Amino acid sequence: MEIRESIGNFQFESRESYDRAKKEEEMILQLYQKADLSDGKTALKLYNKLVADKVFSTVIGYCFLVQLRQHIMECGLATSDMLSDIPVKEVKKKQTDTMPARSPHGDRYQRMYEGQRILNKKFKIALAAVIIILAGFVIINFRFQYSIFTYFTNYKANMEEELIDKYENWQAELEEREKELNKSGKE
């Protein structure tokens with residue numbers, strides 16, 4: 001047995017519509033406290049603002065707008081033709097009315113599907129991160145002669161050989177220059 005909430009003479013079938021109506025009722029009470037609605041001009045300004053912004057969506061709000069409208073017409077500030085019509089939002093039907101009943105396993109499959117989608121996203125992100133890291137290592141390896149990949153090789157021996165070759169070339173160059181200087185000094 002479902003419990004139905006009511007406000008005034010109106011009974012609401014769902015908790016969601018009751019909550020919306022309750023919020024609108026609280027807003028209306030605040031409007032009565034903050035604004036002098038007995039003044040026709042204030043009531044007209046408020047009515048035009050509420051209708052233009054489409055603030056209300058429940059029967060509680062619509063009744064308030066009808067009362068404001070009647071008060072404005074009684075004050076003689078506007079006629080029915082001069083006032084904007086009250087916009088009524090369409091009530092969306094429940095999905096169960098248009099869709100066939102779902103099996104008790106439908107929610108389970110939906111959750112599994114959503115879970116798989118999340119896993120797929122995480123997998124794609126992880127795969128992209130791994131590819132980027134590997135690409136970085138490959139670039140480092142080809143760009144620099146000594147990198148993290150050469151750590152396990154005989155890179156130290158290669159470096160020593162290069163250094164020895166460099167100094168041997170430098171020494172040979174110095175000896176050659178020295179010979180040239182000695183020749184030029186004798187002549």
Side-chain angles (χ1 to χ4, degrees), residues 1-140:
M1 185 171 119
E2 48 181 83
I3 301 171
R4 296 184 180 196
E5 303 285 343
S6 61
I7 298 175
N9 295 326
F10 300 105
Q11 191 175 44
F12 298 92
E13 292 184 6
S14 70
R15 183 72 182 175
E16 180 184 325
S17 59
Y18 170 78
D19 290 340
R20 280 196 322 260
K22 192 70 174 166
K23 286 180 184 176
E24 287 185 8
E25 181 184 43
E26 291 169 4
M27 185 188 319
I28 292 167
L29 291 175
Q30 287 179 1
L31 289 172
Y32 275 119
Q33 291 173 356
K34 292 182 180 180
D36 180 20
L37 297 180
S38 60
D39 179 29
K41 290 180 182 180
T42 306
L44 179 62
K45 287 179 186 177
L46 182 63
Y47 175 83
N48 288 333
K49 176 76 173 153
L50 293 173
V51 168
D53 292 346
K54 298 179 182 178
V55 173
F56 297 117
S57 63
T58 67
V59 68
I60 302 296
Y62 297 145
C63 287
F64 174 69
L65 288 175
V66 168
Q67 290 173 355
L68 268 181
R69 185 180 179 96
Q70 289 174 347
H71 178 67
I72 293 165
M73 289 189 297
E74 287 172 3
C75 290
L77 291 173
T79 63
S80 178
D81 296 338
M82 294 169 64
L83 293 173
S84 302
D85 291 332
I86 299 171
V88 177
K89 294 181 182 178
E90 290 185 33
V91 177
K92 295 178 182 176
K93 292 185 179 181
K94 294 180 182 176
Q95 289 181 351
T96 55
D97 294 343
T98 57
M99 296 178 67
R102 292 170 56 175
S103 70
H105 302 292
D107 290 335
R108 187 179 93 192
Y109 292 127
Q110 182 69 24
R111 286 192 308 263
M112 286 173 45
Y113 173 74
E114 291 297 324
Q116 190 63 42
R117 279 188 46 216
I118 292 170
L119 281 175
N120 287 347
K121 282 184 181 179
K122 289 180 180 178
F123 176 73
K124 288 177 184 176
I125 291 170
L127 184 64
V130 167
I131 289 172
I132 290 171
I133 291 171
L134 286 177
F137 281 135
V138 169
I139 290 170
I140 289 171

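None of the values given here were measured: they were computed from a predicted structure.
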Handout entry: Basic-acidic side-chain contact under 4.0 Å: Asp19, Lys23
Key =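 No, Asp19 and Lys23 are not salt-bridged.
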Practice task
Look at Glu26 together with Lys22 and state whether they make a salt bridge at an N to O cut-off of under 4.0 Å.
Solution key: no
Practice task
Please tell me if the side chains of Phe64 and Val55 come closer than 4.5 Å, counting only heavy atoms from C-beta onward.
Solution key: no
Rounded to the nearest 0.5 Å, what separation is found between the [atom1] atom of [X] and the [atom2] atom of [Y]?
{"X": "Arg69", "Y": "Ser80", "atom1": "CZ", "atom2": "OG", "result": "4.5 Å"}
{"X": "Leu44", "Y": "Leu83", "atom1": "CG", "atom2": "CG", "result": "6.5 Å"}
{"X": "Phe10", "Y": "Thr58", "atom1": "CZ", "atom2": "OG1", "result": "9.0 Å"}
{"X": "Glu74", "Y": "Gln67", "atom1": "CD", "atom2": "CD", "result": "10.5 Å"}
{"X": "Leu68", "Y": "Lys45", "atom1": "CG", "atom2": "NZ", "result": "14.0 Å"}
{"X": "Leu46", "Y": "Asp36", "atom1": "CG", "atom2": "CG", "result": "11.5 Å"}

Heavy-atom pair of closest approach, residues [X] and [Y]:
{"X": "Cys75", "Y": "Gly40", "value": "SG-CA, 4.0 Å"}
{"X": "Ala35", "Y": "Thr42", "value": "CB-CG2, 4.2 Å"}
{"X": "Ser17", "Y": "Phe12", "value": "OG-CB, 3.7 Å"}

Handout entry: Glu114 atom CD, neighbour heavy-atom count above 12 within 6.0 Å
Key = yes
Handout entry: Whether over 12 other heavy atoms sit under 6.0 Å from Asn9 CG
Key =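 Counting neighbours around CG of Asn9, 12 or fewer heavy atoms of other residues, nucleotides or ligands fall under 6.0 Å, so no.
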For [X] and [Y], indicate whether the former's side chain and the latter's backbone hold a donor-acceptor pair under 3.5 Å.
{"X": "Tyr47", "Y": "Ser84", "result": "yes"}
{"X": "His71", "Y": "Ala43", "result": "no"}
{"X": "Glu24", "Y": "Ile60", "result": "no"}

Practice task
Evaluate the criterion side chain to side chain contact (heavy atoms under 4.5 Å, CB included) for residue pair Phe56 and Ile86; output intermediate values, then yes/no.
Solution key: CA-CA 9 Å; Phe56 297 117; Ile86 299 171; over 6 Å; no
